[in-house]
Each structure stands twice: as structure tokens, then as C-alpha cells.
Amino acid sequence: MSVFTYHLVKINYFSALRILLFSLKPKNTPGLIHAECMTAMTLGSAIFSPSRMLIRQIAVFAQWENESDVDNFLTENNFGKILSKGWHTRLTFMRKWGKFNKFEIPDETLEFENTDSPVVAVTIARMKFLQIPRFIHWGRPVEKLVRDHPATTLSLASIKFPNTVSTFSIWKTQKEMTDMVNGHSKVPKPERHADAMKERDRKDFHFEFTTLRFKPISEFGEWKGRRNIIPNLKSN
């Protein structure tokens, strides 16, 4: 089975621009199936806020043939050596909703042995340009819901111009995440996510969109002075 990784690293502007302009390609990276290299954003921040676009903070979501390919990439590849200075987690696929081209996402669904286990959620989409104002209107309340939720240990958004957007969140338990999705969380305005999904079903914001759920298997490095970000998972 393939392995997914999610990387975060803070670097200088020149290196960040180079990574975004010359993204990872499978033909040049042994074992890589597909990768999306993006600029990190703060969930829920104002559209024209400096925290909306964190140019020096790079987020990479990737799928690999196996873990040895990840190890080789981080130690042998120049881009990989940069990412190795940040933080990353390795993930086992569990289930999906929707579809996103280039990633080889299995059709089968795996179940968690324990709903009290930590879970990682990734969304990624290609936006319809004319739907971006609607998406922002419905999406920012959901961003704030996830950002401020007591059950998340890390959450952020990311973007790759012109129209790729993504979110990443780590949840203490699967149950707390599904409660949020269904509008059952014990937080103010818990229905924000459910309402946005109804609006998307009414008129889609995206050309393609998927929500992916993963079981974290390991984490490495440090992000903003933090280690052991994923509960009950030993870092390396």
C-alpha cells in the first residue's frame, strides 16, 4: 500500500518561490506518485490579512509508493533535504469523499479500530474562478470552526495559484472530528460545516474536490517549536 505524507517547513522567500515554481515531479523523484506544493495560510484570517498568505511557510501533500521512497527523498533529494528541516507526518489512507486527479486514491474504505484514535483530515480542491466569492463566504466560517475547535491539535489552509486550495487538520479523536462534520460539536454555531456542505451540494464551488481521512503512523521534526503534535503518537 502507498503512503501519504504532509510536510511543513519555513524557509526564505527565494527558496519558497523556487519550490512553488518548480514543484516536485514524479518523473524526477523516485517513488513519488503525486505531490501538491502550496503556500500555507492561517485558517479563518481576513482575506487581505498578512496572515492569509504565509509566503515563507510551505506545505507539501504527497503520495509515495512506500516509506523507503520517502526516506530516500528526504536524505538524497535537494528539495527533500529542505523539507527534512521542518515537520512531517506519514499517513495511512482510510477513506475518501469525492475525487481529485493525479493522486491514486483507493476506492476501498478502511475502518478505524478505535474511534478514540487520532485522525488526520485533508481536503484539496480545484476552484471554479467565478465561484470563489461564494466559496469564501461559506468557507471562512468553517475555517474558524476548525481553527478554534478544542479537538484539533494543528489546523491550517494552503493555496497554490491559480486555483488549488487545501486544508489540513489533526484531530484528537475520530469521533470529535465526525461530530464537527455533522454539526454535533459542543461549540458555538456547530452547524457551520454542515451548512457549507449543503450549499456545495446545491451548487458546487469546485471543478474537482476530495476530502480524505487518514490514520497517522508517525511524525518527524518540529513545527513552530512543537513536537508530538499528534496525540498518542511518538515522534522521531
Side-chain angles (χ1 to χ4, degrees), residues 1-41 53-94 96 100-106 120-126 154-170 208 210 212-230 233-236:
M1 180 180 288
S2 65
V3 62
F4 290 78
T5 57
Y6 198 94
H7 305 258
L8 293 169
V9 66
K10 185 175 182 179
I11 51 182
N12 62 55
Y13 289 105
F14 175 77
S15 296
L17 183 61
R18 185 175 61 182
I19 286 172
L20 295 171
L21 291 176
F22 304 100
S23 295
L24 285 170
K25 305 293 186 204
K27 65 179 181 180
N28 302 324
T29 312
L32 177 67
I33 295 172
H34 182 62
E36 294 286 341
C37 302
M38 299 166 283
T39 301
M41 301 190 296
M53 292 288 294
L54 304 170
I55 303 298
R56 294 177 57 201
Q57 296 182 23
I58 297 297
V60 177
F61 177 52
Q63 183 182 15
W64 306 84
E65 296 286 353
N66 54 61
E67 280 203 76
S68 63
D69 293 320
V70 182
D71 293 331
N72 291 335
F73 167 71
L74 293 172
T75 56
E76 304 296 333
N77 183 285
N78 288 336
F79 184 4
K81 291 177 182 178
I82 293 173
L83 291 182
S84 70
K85 297 177 182 178
W87 174 92
H88 82 274
T89 180
R90 302 184 186 189
L91 308 164
T92 296
F93 170 80
M94 301 301 289
K96 70 174 180 179
F100 194 89
N101 291 329
K102 297 186 179 179
F103 288 110
E104 296 178 2
I105 301 171
V120 169
V122 176
T123 68
I124 189 163
R126 306 267 193 229
L154 177 64
S155 59
L156 58 100
S158 56
I159 186 169
K160 182 175 74 174
F161 289 106
N163 66 332
T164 301
V165 294
S166 180
T167 64
F168 171 82
S169 55
I170 299 171
E208 53 181 335
T210 189
L212 304 170
R213 190 178 298 176
F214 298 97
K215 178 181 179 180
I217 53 179
S218 58
E219 71 171 283
F220 299 77
E222 180 178 294
W223 179 243
K224 296 185 177 181
R226 296 177 62 195
R227 290 180 175 270
N228 301 309
I229 298 172
I230 304 174
L233 193 67
K234 189 176 294 185
S235 64
N236 294 277

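Reckoned from all heavy atoms, side chains included, excluding hydrogens, waters and symmetry mates.
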Donor-acceptor pair, side chain of [X] and main chain of [Y], under 3.5 angstrom:
| X | Y | answer |
| --- | --- | --- |
| T89 | Y6 | no |
| Q63 | E104 | yes |
| N66 | D69 | yes |

TODO: Starting from the C-alpha separation in whole Å, work towards a yes-or-no answer on side-chain contact (heavy atoms from CB on, under 4.5 Å) for V122 and T210.
DONE: CA-CA 8 Å; V122 176; T210 189; over 6 Å; no

Could you tell me if the side chain of [Y] sits less than 4.5 Å from the side chain of [X], heavy atoms only?
| X | Y | answer |
| --- | --- | --- |
| L8 | L156 | yes |
| L32 | W64 | yes |
| R18 | I11 | no |
| F100 | E36 | yes |
| T167 | S155 | no |
| K224 | Q57 | yes |
| F73 | L24 | yes |
| N72 | P30 | no |

For the [atom1] atom of [X] and the [atom2] atom of [Y], what is their distance to the nearest 0.5 Å?
| X | Y | atom1 | atom2 | answer |
| --- | --- | --- | --- | --- |
| S23 | N28 | OG | CG | 12.0 Å |
| E219 | I230 | CD | CD1 | 4.5 Å |
| T123 | K96 | OG1 | NZ | 15.5 Å |
| I170 | I229 | CD1 | CD1 | 6.0 Å |
| M94 | R213 | CE | CZ | 9.0 Å |
| T29 | N77 | OG1 | CG | 5.5 Å |

- [ ] Answer yes if the side chains of T5 and R90 hold a donor-acceptor pair under 3.5 Å, and no otherwise.
- [x] no

Open item on the list: Classify the ring geometry of H34 against F103: parallel below 30°, tilted from 30° to 60°, perpendicular beyond 60°.
Closed with: perpendicular

Closest approach of [X] and [Y], non-hydrogen atoms and distance?
| X | Y | answer |
| --- | --- | --- |
| E65 | I33 | OE2-CG1, 3.8 Å |
| I217 | L233 | O-CD1, 3.7 Å |
| F214 | L212 | CE1-CB, 3.5 Å |
| C37 | K160 | O-CD, 3.3 Å |
| S158 | M38 | OG-SD, 3.3 Å |
| M53 | T39 | CE-CG2, 4.2 Å |

- [ ] Could you please spell out the steps behind the side-chain contact (heavy atoms from CB on, under 4.5 Å) verdict for L91 and F93?
- [x] CA-CA 6 Å; L91 308 164; F93 170 80; over 6 Å; no

Open item on the list: Ring centres under 6.0 Å, that's the criterion: do F168 and F61 meet it?
Closed with: no

- [ ] For a side chain to side chain donor-acceptor pair (under 3.5 Å) with R126, tell me which candidate from N163, N101, T164 qualifies.
- [x] T164

